Amino acid sequence: MDYWGHRVMTVVALLAACAGGEDAVETEATGEGTVVIRMTDEMKFVPEHPMISVGDTVVWINEGNMPHTATDKPGTAGLDEHNVLPEGAEAWDSGLVNPGERYSRVFTTRGDYTYLCFLHEAAGMIGRLSVQ
């Protein structure tokens, strides 16, 4: 690993140690009404645009080898259209989701959400979610 690669890995490790701050909202995801979204090293959320019902839980699982986030917090995106919340919905930020980890959230506000991986927005890691 070259000098810059080592530096990047050091920064990632430091960020991981700080993950799970006050913005993180963790919920238990069991049974019906649970949708799983995989985060991949291909810089994708899979599926990219699921439709769910009010009260459903979405679980993001990092199946890759690098950290990712699921962030819908206006003001954090490079492009405003990458963080869109329906009126009345609360912003969220998973913090770092390291390889093999998961983050879950219950959706209680109808509408269309656009969210991103804060680390990989420039690489196109953008997701959408419709709550019916």
Side-chain angles (χ1 to χ4, degrees):
M1 181 179 304
D2 67 10
Y3 173 80
W4 289 110
H6 178 71
R7 287 289 191 206
V8 168
M9 294 306 292
T10 300
V11 168
V12 167
L14 289 170
L15 289 171
C18 297
E22 62 188 60
D23 290 331
V25 176
E26 199 70 36
T27 59
E28 185 66 29
T30 58
E32 293 182 79
T34 300
V35 174
V36 173
I37 297 176
R38 298 179 299 116
M39 298 184 281
T40 72
D41 287 347
E42 288 76 32
M43 308 309 165
K44 296 189 182 294
F45 293 103
V46 180
E48 183 181 321
H49 190 176
M51 293 188 187
I52 66 170
S53 298
V54 168
D56 284 355
T57 300
V58 175
V59 180
W60 286 268
I61 300 175
N62 185 346
E63 294 184 348
N65 293 310
M66 61 182 76
H68 293 293
T69 76
T71 304
D72 198 351
K73 190 173 180 181
T76 61
L79 296 174
D80 288 340
E81 65 262 22
H82 293 167
N83 276 140
V84 177
L85 290 165
E87 186 175 332
E90 290 186 35
W92 83 87
D93 182 354
S94 65
L96 289 181
V97 180
N98 290 305
E101 293 181 345
R102 61 185 59 211
Y103 168 78
S104 61
R105 179 173 186 79
V106 176
F107 285 83
T108 58
T109 303
R110 293 181 196 283
D112 293 319
Y113 297 75
T114 302
Y115 65 94
L116 59 99
C117 172
F118 182 74
L119 301 172
H120 302 116
E121 175 186 11
M125 196 167 180
I126 313 299
R128 291 182 303 279
L129 182 68
S130 293
V131 180
Q132 313 273 321

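Atoms considered below: every heavy atom in the structure, side chains included; atoms not considered: hydrogens, waters and symmetry mates. Computed from a prediction, not measured in an experiment: that's the story for all the values here.
Every side-chain contact (heavy atoms from CB on, under 4.5 Å) that D41 has, sequence neighbours left out, goes to N65, M66, H68. Residues forming a side-chain contact (heavy atoms from CB on, under 4.5 Å) with S53 (at least two apart in sequence, or on another chain): D56.
Ring geometry for Y113 against W92 counts as tilted: the plane angle lies between 30° and 60°, on a 0 to 90° scale.
From E90, atom CD reaches atom OG1 of T109 across 7.5 Å, with rounding to the nearest 0.5 Å. Remark: H82 NE2 to M125 CE distance equals 13.0 Å, nearest 0.5 Å. In this structure, CE in M43 is found 13.0 Å from CD in E121, a value given to the nearest 0.5 Å. Distance check: F107 CZ to Q132 CD gives 13.5 Å after rounding to the nearest 0.5 Å. Between T114 atom OG1 and R128 atom CZ the span is 6.5 Å, to the nearest 0.5 Å. The distance from atom CZ of R102 to atom CE of M39, rounded to the nearest 0.5 Å, is 10.0 Å.
Residues F45 and C117 are in side-chain contact: their nearest non-hydrogen atoms beyond the backbone lie under 4.5 Å apart. Side-chain contact between S130 and H49 is present, with at least one heavy-atom pair separated by less than 4.5 Å. Looking at heavy atoms from C-beta onward, L129 lies in side-chain contact with P50 at the 4.5 angstrom threshold.
Nearest heavy-atom pair, P67 versus N98, reported as atom, atom and distance to 0.1 Å: CB-OD1, 3.7 Å.
Under a hydrophobic-cluster definition in which Ile, Leu, Val, Met, Phe, Trp and Tyr are linked whenever side-chain heavy atoms come within less than 4.5 Å, directly or via other members, F118 and L79 are assigned to different clusters. Transitive grouping of hydrophobic side chains (ILVMFWY, heavy atoms separated by less than 4.5 Å) keeps L116 and V84 in distinct clusters. V36 and M51 end up in different hydrophobic clusters when Ile, Leu, Val, Met, Phe, Trp and Tyr side chains are linked at under 4.5 Å.
Counting non-hydrogen atoms of other residues, nucleotides and ligands closer than 6.0 Å to CD of E81 gives a total above 12.
Judged purely by atom type and a 3.5 angstrom limit, S94 has no side-chain atom pairing as donor or acceptor with the backbone of Y103. Using a distance-only test at 3.5 Å, with no hydrogens or angles considered, no donor-acceptor pair links the side chain of T71 to the main chain of K73.
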Trace of the side-chain contact (heavy atoms from CB on, under 4.5 Å) decision for I37 with Y115
CA-CA 12 Å; I37 297 176; Y115 65 94; 3.5 Å; yes
What do the steps show when you test V58 against I52 for side-chain contact (heavy atoms from CB on, under 4.5 Å), and what is the final call?
CA-CA 9 Å; V58 175; I52 66 170; 3.8 Å; yes
